[in-house]
Amino acid sequence: KHVTEPVPRPVNQLILGDYILAALFVLNLTIQFFADQQQWNYQNYKRGKDPYEKPLPAAMLDPKSKLPLKNQTVQPYSTPDDARRGFVTKGLWAWSRHPNFACEQTTWWILYAFVPLTFLPRNLDFTHAHWSHFANYAILAPLAMNALFLPSTRYSEQVSAEKYPEYADYQKRVGMFLPIDTLLRTLYYNLIASKQDKHRVEANVWGTPKSSGSFSNLFKSRLLKAVD
């Protein structure tokens, strides 16, 4: 139908929907930029460097572990406990375990949305829409991106969980991609989970880790595993 019948409006004229999708595209790109920047800042902080990869002053680093002793002054404003944890959990990463991946996939869905928008009238009246306006070849692109990101993300998380003891609690408390998933988990831990479980999980994710002990004990346990 969408091939044999003319489109309801000239394709060279922009409507409100075009501007909305364009604004969403820019917003999504901005969020992805900040997510990547926060990850970059954290990884440098964890390694005793500033955002420009310059070593921090010796007075700001633990002489043995070389981990920072003072709080981070840029986003995501991590603490020494966050550095010892080994992975970022603050900023946008407190709402999604992979906010940059979520934005990358969202980009493709926004681009896809321009296709059905072309076949809708200027007032966006969906009552005259045909299913083929939405289920067409263009939808293959975002679906393919979803199919690629899900298994690769699961694999990377498996590696992280083996490397960092607290990562399992991070998986329990924060959604993989969507912030709404994290909100639902927030309701669970506030209304259903025991106070002890809530405190332990959230301490491992955002506070002082409770499951692995001090950094030195964690280092010794990993060393013993490597020897075995």
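Computed from a predicted structure; not experimentally measured. Along the sequence shown, the residues carry numbers beginning at 1.
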Main-chain N/O of W40 paired to N44 side chain as donor or acceptor, under 3.5 Å | yes

T107 side, atom OG1; N28 side, atom CG - distance, nearest 0.5 Å = 4.0 Å

Test item: Y42 side-chain N/O and F87 main-chain N/O as donor-acceptor pair under 3.5 Å = yes

Do you know which two heavy atoms are closest between L56 and D50, and how far apart they sit?
-> CD2-N, 3.9 Å

Does W93 use its side chain to pair, donor to acceptor, with the backbone of P99 at less than 3.5 Å?
-> no

Check A138 against V115 and note the closest heavy-atom contact, atom names and distance.
-> CB-CG2, 3.7 Å

Scanning both residues in full, the closest heavy-atom pair of P68 with P80 reads O-CB, 3.4 Å

Q105 and N146: side chain donor to acceptor below 3.5 Å = yes

What's the spacing between M145 CE and L111 CG if we round to 0.5 Å?
-> 10.5 Å

Polar contact flag, side-chain donor to acceptor under 3.5 angstrom, R47-Q43 | yes

The reported gap from CG in D82 to OG1 in T89 (rounded to nearest 0.5 angstrom) is 5.0 Å

When you look at CH2 of W206, are more than 12 heavy atoms from neighbouring residues, nucleotides or ligands closer to it than 6.0 Å?
-> yes

Show your reasoning for whether side-chain hydrogen bond (donor to acceptor under 3.5 Å, both in side chains) applies to R200 and Q196.
-> CA-CA 6 Å; R200 180 188 61 80; Q196 294 82 358; over 6 Å; no

Under 4.5 Å between side-chain heavy atoms, hopping through other hydrophobics if needed: is there a path connecting F114 to W108?
-> no

Please answer whether the main-chain N or O of K172 pairs with a side-chain N or O of R185 as donor and acceptor at a distance below 3.5 Å.
-> yes

Are the side chain of R173 and the backbone of V201 linked by a donor-acceptor contact shorter than 3.5 Å?
-> no

Under 3.5 Å, is there a donor-acceptor pair between the N71 and T79 side chains?
-> no

Test side-chain contact (heavy atoms from CB on, under 4.5 Å), reference C103, set L29, I31, D36, L27, output is I31

Which atom names give the shortest non-hydrogen contact between D62 and L69, and what distance separates them?
-> N-CG, 3.6 Å

Considering only distance and modelled atom types, tabulate donor-acceptor pairs under 3.5 Å from the side chains of residues 187-195, sequence neighbours left out.
residue, atom, partner, partner atom, Å
N190, ND2, T186, O, 3.2
S194, OG, D197, N, 3.1

In the single-linkage hydrophobic clustering (I, L, V, M, F, W, Y; side-chain heavy atoms under 4.5 Å), do I110 and I15 co-cluster?
-> yes

Could you go through the side-chain contact (heavy atoms from CB on, under 4.5 Å) check for V205 and R85 one step at a time?
-> CA-CA 8 Å; V205 174; R85 185 177 296 108; 5.6 Å; no

Of all the heavy-atom pairs spanning K163 and P165, show the shortest one and how long it is.
-> O-CD, 3.8 Å

With distance as the sole test, does D169 use its side chain to make a donor-acceptor pair with the main-chain N or O of E166 at under 3.5 Å?
-> no

Is there side-chain contact between K90 and Q75, with heavy atoms separated by less than 4.5 Å?
-> no

Relative to each other, are the rings of W109 and Y112 parallel, tilted or perpendicular (30° and 60° limits)?
-> perpendicular

Are L16 and F25 connected, step by step, through hydrophobic side chains (Ile, Leu, Val, Met, Phe, Trp, Tyr) whose heavy atoms are closer than 4.5 Å?
-> yes

Would you check if L24 and T106 make a side-chain contact, meaning some heavy-atom pair closer than 4.5 Å?
-> no

Hydrophobic cluster mates of V26, side-chain heavy atoms under 4.5 angstrom, ILVMFWY only, any path?
-> none

Taking Q72 for the side chain and N41 for the main chain, is one N or O donor matched with an acceptor at less than 3.5 Å?
-> yes

Does the side chain of T30 reach to within under 4.5 Å of the side chain of F34, using non-hydrogen atoms?
-> yes

When rounded to the nearest 0.5 angstrom, what distance separates OG1 in T208 from CG in D81?
-> 3.5 Å

Would you say S96's side chain and L92's backbone share a donor-acceptor pair under 3.5 angstrom?
-> no

Measure the acute angle between the ring planes of F149 and F101, then classify it against the limits of 30° and 60° as parallel, tilted or perpendicular.
-> tilted

Will you find, in the side chains of E104 and Q32, an N or O donor that is under 3.5 Å from an N or O acceptor?
-> yes

Smallest separation among heavy atoms of P76 and V88, with atom names | CG-CG2, 3.9 Å

Drop me the distance from T153's OG1 to F177's CZ, to the nearest 0.5 angstrom.
-> 3.5 Å

Are L117 and D18 side-chain neighbours, meaning at least one heavy-atom pair lies under 4.5 Å?
-> yes

Atom pair OH (Y45) and NZ (K70), whose distance is rounded to the nearest 0.5 Å = 11.0 Å

Counting only N and O atoms by type, is there a donor-acceptor contact under 3.5 Å from the side chain of R97 to the main-chain atoms of Q171?
-> yes

